[in-house]
Amino acid sequence: MKKVIFALILPLAVMSGLVFADREIKNETSLKPPPKPLSIADRKAGLEARKIWENTPDGIKFKLWEASPEGKKVHASHDKIRKYLEAFSDMEASVTSTTFQRSGKSSGIKWLIVRIDGDDYMMQFIPEDFQQLNSLKAGDKIIVRSRSAGRSPNHPYLIVSGDYIERNSKVLFKRDFSKNKGC
């Protein structure tokens, strides 16, 4: 009788030990150290690098563009959707163009122009991602979610990252962030 009980308890003890050991290993690997805040020296170095860049021809061109009516308009359109970007929440948009081309530039990049709250915005896609959006036409109503936006003097509108696009409650595009490996 003792041998039967021992034979039943021994595998149970071994299995529970393996389960708890595996759990500890998973917990150790899933814990990442919190990002360190920038030191004062790092912040100063960043500000110095920015000041140096601002004195280059590209930096001067950018500052002039920011002060121009076009730059101010792009900046105002960013302010208009900032809360949606920070919250990664739904923005109602209407498609104004699916065939926008920048003159003199590579034809590999595909652009989607949308209107949100009366302002136009650009979304840039690689051709493989844009294939998922081929069904869109000018005038279509869509829901857009984005995590970020960028300004450039080379573009007429604010550039919004199209991380999620849906039409009629059907997801047309969802950016895969696992490819970035956390970057």
Side-chain angles (χ1 to χ4, degrees), residues 35 37-134 136-166 172-177 179-180 182-183:
L38 291 176
S39 69
I40 294 172
D42 290 340
R43 279 189 246 156
K44 283 184 181 177
L47 286 174
E48 288 174 17
R50 181 179 175 102
K51 289 202 181 279
I52 291 170
W53 175 79
E54 286 176 348
N55 291 321
T56 65
D58 285 341
I60 292 168
K61 180 181 172 186
F62 184 78
K63 293 301 271 179
L64 289 173
W65 173 79
E66 270 189 324
S68 73
E70 295 85 14
K72 289 179 182 178
K73 181 178 180 252
V74 169
H75 199 294
S77 65
H78 183 265
D79 291 342
K80 199 179 235 187
I81 65 168
R82 181 186 316 270
K83 63 184 176 199
Y84 297 108
L85 299 176
E86 290 171 353
F88 191 63
S89 59
D90 292 352
M91 295 181 275
E92 292 181 13
S94 63
V95 177
T96 58
S97 175
T98 59
T99 59
F100 179 81
Q101 291 280 326
R102 287 189 49 214
S103 60
K105 298 294 178 184
S106 163
S107 63
I109 302 296
K110 301 292 183 182
W111 295 93
L112 182 67
I113 309 295
V114 298
R115 180 164 287 145
I116 302 170
D117 289 337
D119 286 343
D120 288 329
Y121 298 88
M122 302 174 79
M123 291 185 194
Q124 177 180 327
F125 297 93
I126 59 173
E128 294 81 31
D129 290 344
F130 198 77
Q131 287 177 351
Q132 299 173 43
L133 304 171
N134 278 339
L136 289 177
K137 295 174 183 56
D140 284 352
K141 302 291 183 199
I142 59 174
I143 300 293
V144 175
R145 286 189 216 152
S146 177
R147 297 186 196 306
S148 62
R151 297 182 284 272
S152 170
N154 300 328
H155 297 80
Y157 310 116
L158 184 71
I159 304 164
V160 176
S161 67
D163 299 329
Y164 176 90
I165 298 173
E166 81 175 44
L172 298 178
F173 178 77
K174 187 174 182 181
R175 192 170 308 279
D176 182 11
F177 289 102
K179 295 181 213 174
N180 297 342
C183 293

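Each residue takes its place number in the sequence, starting with 1.
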Give me the ring orientation class for F130 and F125: parallel if the planes are under 30° apart, tilted from 30 to 60°, perpendicular past 60°.
-> tilted
Let me see the working for D129 and R175 under side chain to side chain contact (heavy atoms under 4.5 Å, CB included), right down to the final yes or no.
-> CA-CA 8 Å; D129 290 344; R175 192 170 308 279; 3.9 Å; yes
Check whether the ring centres of W65 and H155 lie less than 6.0 Å apart, and answer yes or no.
-> no
Looking at OG of S146 and CG of D90, how far apart are the two atoms once the value is rounded to the nearest 0.5 Å?
-> 12.0 Å
For P153 and F62, work out which heavy atoms get closest and say how close.
-> CD-CD1, 3.6 Å
State, yes or no, whether a side-chain contact exists between H75 and R151 at a heavy-atom distance under 4.5 Å.
-> yes
Does the side chain of L172 reach to within under 4.5 Å of the side chain of E166, using non-hydrogen atoms?
-> no
Close side-chain approach of D119 to K80, heavy-atom, < 4.5 Å | yes
Quick one: does V144's side chain get under 4.5 Å of Y84's, heavy atoms only?
-> no
Does the pair E48/K44 count as a salt bridge with the N-to-O cut at 4.0 Å?
-> no
Does one side chain, of S161 or D163, offer a donor that lies under 3.5 Å from an acceptor on the other?
-> yes
Might you work through the salt bridge (charged side-chain N to carboxylate O under 4.0 Å, His left out) test for K63 and E66, ending with a clear yes or no?
-> CA-CA 5 Å; K63 293 301 271 179; E66 270 189 324; 3.7 Å; yes
Trace of the side chain to side chain contact (heavy atoms under 4.5 Å, CB included) decision for S77 with Y121 = CA-CA 8 Å; S77 65; Y121 298 88; 3.5 Å; yes
Per side chain to side chain contact (heavy atoms under 4.5 Å, CB included), F100 is matched among L112, I109, I113 by I113
Heavy-atom neighbours of R147 CZ exceed 12 at 6.0 Å | yes
Side chains of K61 and N154: does their closest heavy-atom pair fall under 4.5 Å?
-> yes
Point-to-point distance, once rounded to the nearest 0.5 Å, from CD1 of I142 to OG of S94 = 8.0 Å
Pair E54 + K51: basic N to acidic O under 4.0 Å = no
V95 side chain near K137 side chain, heavy-atom distance below 4.5 Å = no
Does the side chain of L85 reach to within under 4.5 Å of the side chain of H78, using non-hydrogen atoms?
-> yes
salt_bridge(R82, D79) N-O dist < 4.0 Å = yes
In Å and rounded to the nearest 0.5 Å, what is the CH2 to CE distance from W111 to M122?
-> 4.0 Å
Do T96 and V114 pass the side chain to side chain contact (heavy atoms under 4.5 Å, CB included) test, and can you show the C-alpha distance, the side-chain angles, and the key distance before you say yes or no?
-> CA-CA 5 Å; T96 58; V114 298; 5.8 Å; no
Passes side chain to side chain contact (heavy atoms under 4.5 Å, CB included), I143 versus E92? Steps please.
-> CA-CA 5 Å; I143 300 293; E92 292 181 13; 3.8 Å; yes
Pairwise distance CG(L158) to CE(M123) - rounded to 0.5 angstrom = 10.5 Å
